[in-house]
Amino acid sequence: MLKVEHIGIAVKDLAVSIPLFEALLQTPCYKTEEVAGEKVNTAFFRQGETKIELVQGLESGSVISKYIDKRGEGMHHIAFEVADIHAEMQRLAAAGFTLLNAEPKEGADNKLVCFLHPKDTHGVLIELCMEKR
Ligand code: ZN
């Protein structure tokens, strides 16, 4: 894996959280993007080499909304950038990790993504991501 690409934080309301993170990080939110397939709205901040991604569920049935109902707002996932997402998915599946999607799917910020089941990673949801070319 190349680096920590971003850290995902589950929030209830981007309208509240964007100004808070702008004040915290002293950097403007450079992009908000809806990911229809995941029923989420996202907001991104650059912080050196890494980004912070705020994720808000778009409806009560979305995965993020259910997560917040159960565990409250907070740290949701760590995303690692990979050079070849197909090769990395194959490598991790062979090593015994459970992939939450069999094929890379469309993520926010021009990425192909795949999530690993947190039961294999001490409760941490891991995202693999690769820039789409
Ligand atoms: Zn993410």
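Just so you know, ligand 1 is whichever comes first in the structure, and atom 1 is the first atom listed for that ligand. Any value given below was found using the heavy atoms of this structure, including those in side chains, with hydrogens, waters and symmetry copies removed.
Of all N/O/S atoms in E53, OE1 sits nearest the Zn ion (ligand 1). Of all N, O or S atoms in E127, the one lying closest to the Zn ion (ligand 1) is OE1.
Using modelled atom types and a 3.5 Å distance limit, the side chains of K119 and T98 yield a donor-acceptor pair. Between the side chains of E81 and H6, no donor-acceptor pair of N or O atoms lies under 3.5 Å.
Nearest heavy-atom pair across A79 and C129 is CB-SG, 4.4 Å.
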For E34 and K39, run salt bridge (charged side-chain N to carboxylate O under 4.0 Å, His left out): C-alpha distance rounded to whole Å, both residues' side-chain angles, the deciding distance at 0.1 Å, then the answer. CA-CA 8 Å; E34 187 177 315; K39 298 187 190 124; over 6 Å; no

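Within the coordination shell of the Zn ion (ligand 1), defined by N, O or S atoms under 2.8 Å, H6 is present. Contact annotation: H77 places an N, O or S atom under 2.8 Å from the Zn ion (ligand 1).
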